[in-house]
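Quick note on labels: first sequence line is chain A, next is B, and so on, each numbered from 1.
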Number of protein chains: 2
Amino acid sequence: MPKEPSRLDERKRTILRAVVDEYVEHAEPVGSRSLVERYSLNLSSASVRSTLAELEQLGYLEQPHTSAGRVPTDRGYRIYIDELMELEPLPEETKEHIREQLRESIDEIPELLRQASGLLSQETGYVSLALQPRVASSVLRQIKLLMIEPGRVLVVLVLSAGVVRDRIVRIPDVLDQHQLQRIAAAIEQQLAGCQLRDISFIMMQLAAADSQVPESLLNQVLFETWTAIQQADQLAAYVDGMPNLLRHREFHSISRARDVVSALSSDGLLTGLMEPLRPAVGSSGHGGADAGALAERSAAVPWMVRIGQELQQEGLEDCSFVTTTYHLPEQLVGSIGVVGPRRMAYSRVISHISFVRQTIDHLLTWRSSRS
Amino acid sequence: MPKEPSRLDERKRTILRAVVDEYVEHAEPVGSRSLVERYSLNLSSASVRSTLAELEQLGYLEQPHTSAGRVPTDRGYRIYIDELMELEPLPEETKEHIREQLRESIDEIPELLRQASGLLSQETGYVSLALQPRVASSVLRQIKLLMIEPGRVLVVLVLSAGVVRDRIVRIPDVLDQHQLQRIAAAIEQQLAGCQLRDISFIMMQLAAADSQVPESLLNQVLFETWTAIQQADQLAAYVDGMPNLLRHREFHSISRARDVVSALSSDGLLTGLMEPLRPAVGSSGHGGADAGALAERSAAVPWMVRIGQELQQEGLEDCSFVTTTYHLPEQLVGSIGVVGPRRMAYSRVISHISFVRQTIDHLLTWRSSRS
DNA sequence: ATTGGCACTCTTTGAACTCGAGTGCCAGAG
DNA sequence: CTCTGGCACTCGAGTTCAAAGAGTGCCAAT
């Protein structure tokens, strides 16, 4: 469906935008009076009031109670983000700072993500997340078995895009480094180029069959190695800026605060919230009427915002997620995001997250060409 | 100084213990009435009152205001921990559960720590911490350089006690795997057995001098490798159970909550709070009068409790830390701990943390002997 | 030494009340 | 037809006041 330009007339748009801006800044229901004062609408408060009433009718605003000002609804934020807000470009010095910080940790992806997460939470004042790329679909390039001490071996996997995973496993301690090397070489020879998810235990047995190691020993090694490969896809999430969150009004009530802290402490939950956007890189095809949450103004800005209810998570009704996808070479993708109160400075957050993503993509793509 | 048996008579001891127990459980100032009701002191509330007054006089208790019950002071908790509380042994099934969980992740120390931390926070209902061992004083056993792709190399360090660290570095991309292997072998040959902190860049240059690699290239590799070695000592802290904390009364006030969350999010701060106990394994010799915080009932229980003010940390006045030290072979040590409100179920926490520590020590010591 | 009794203190709770921000609606002006 | 000033109305926030209740300290009696 091509962007419906929304049937709001100019005045409604202006006023809705003003309400959201005002509410985001002051965290208090906004009334007609302050709007007239602070935004140069050439209108009386009475006229504004009637417009506000209409916007409420349309479901973009609501009143906590009669005789209070208006507050945006999820729908209000949604349209604000999709059509009303203005994305201001980042000041050049901020950009430079981000570039510099990220450049420093370009060699290690975990470090890069930690760094990115730190930057985002610091710059936006909310909580930030960074998820490692899933590597199940990436390809095995190298595999090494290093004997740490008799009976313990470090399995080193080199995957697509130069991603490295390793893990210590236990093996029969009669094996020596040479035998291990032969096994590793055999596996590498046969399975290099396979996607991790496609590697079965059987394939490994076939690959290593002629490595001149007694079968029962061999099988133990292979099994442990195979397990290590399977576990390479583990999710790791970096969360930064927790304390920021507790600064915002909506979390002064502890129970809300706890809900959010819990959510952010639960890897599983985070993953669930970040994952869904993975497939949808190009855009389109998002869920049902109201749940449809994919927000892009064009295919060129593939960030996604999920607001309050849209998250469909008990306890996170007062939160929003802004997420985006970074790219490593060879189709590897991961996501980074910002979590904050629903009343979030969306434009600010989106500007930052977009730039961080862009910088990561850029750095990782050109990584090999810098000395 | 040999344990002064404290000049409190039996009644005072009983009552102080009761006050602490009661307060820990109910989080409300405890009055003479409820003490008489709930604990079988064969006394009237009036007598209890006078004892309470004396305990207050001695600085073990205080009143939030006249006409409120009593609350333990830091000193009150201190003596409670040092002399009054009863450590109940863990039920066998809990022990078994802990053993089982830890045994699963014995091969990877980070995983083990994550696991331990998870167990502690879950079992105690507070926040738990686990710090990786510092490896600056550990010894280099093996070093490998694995070429990930041209220009990028994985430096793998095997240290004392089979601890593994690795890191990707960037090197001139004209070098090939064989040259790297020669360099690594040369370094390993010469420097195996050295403590990491003693390894200087010069030593590495000397060690690798005859590896038949052009000097300027060699130096770049050596420098990156040396950096990787230096950075092997990075601190990593695992924190678990944050949301637990917000359940407790003392953190319903957000500002307190934020202080704690901030502290727990700051690696530096955590480290500072956990480190000081490292040297004092055997016991004795702790600081000045009131600050002296090392609490052990005998050399066999080397845990340490730091209560409120004793932490000397702005914002953590309402918290306590219980920490202890786990041991890897070859003198490597790290620490695990629990953070909670000052009003903490100390005996419960100490029982758990002691057992976890003991289990870790045991598992790691005998790691190599299990198949 | 212990205890029952009593006066006193200080917080908590809730009701009643005022204040003010904000609304909806309407009649009249442009 | 649109906009505006005016007005009555609503509802939460804050204040005040009194009563309730928990707990204390002290003392005289056992």
Practice item. Give the rounded distance in Å between these two atoms: CG of Leu52(A) and P of dC3(D). Key: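 Spelled out: CG on Leu52(A) to P on dC3(D) is 14 Å.
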**Study point:** Below 4.0 Å: OP1/OP2 of dT4(D) and any side-chain N or O of Ser47(A)
**Key:**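 Result: yes.
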Practice item. State whether Thr66(A) places a side-chain N or O below 4.0 Å from either non-bridging phosphate oxygen (OP1 or OP2) of dT10(D). Key: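 Checking dT10(D) against Thr66(A), no side-chain N or O comes under 4.0 Å of OP1 or OP2.
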Nearest to the side chain of [X] - [options]?
{"X": "Leu43(A)", "options": "dT4(D), dT3(C), dT2(C)", "value": "dT4(D)"}
{"X": "Ser67(A)", "options": "dG24(C), dA21(C), dT4(D)", "value": "dA21(C)"}
{"X": "Ala46(B)", "options": "dT23(C), dG4(C), dT4(D)", "value": "dG4(C)"}
{"X": "Arg70(A)", "options": "dG25(D), dG6(D), dG24(C)", "value": "dG24(C)"}
{"X": "Ser32(A)", "options": "dG4(C), dT23(C), dT24(D)", "value": "dT23(C)"}

Exercise for review: Go through the N and O atoms of the side chain of Arg49(A) and the base of dG6(D), and report whether any donor-acceptor pair is under 3.5 Å.
Suggested key: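 Donor-acceptor pair under 3.5 Å: yes.
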Main-chain N/O of [Y] paired to [X] side chain as donor or acceptor, under 3.5 Å:
{"X": "Asn244(B)", "Y": "Ser121(B)", "answer": "yes"}
{"X": "Ser351(A)", "Y": "Glu88(A)", "answer": "yes"}
{"X": "Thr124(A)", "Y": "Val349(A)", "answer": "no"}

Exercise for review: Go through Arg17(A) and Asp21(A) one step at a time and tell me if the salt bridge (charged side-chain N to carboxylate O under 4.0 Å, His left out) criterion holds.
Suggested key: CA-CA 6 Å; Arg17(A) 173 163 44 222; Asp21(A) 286 339; 5.4 Å; no
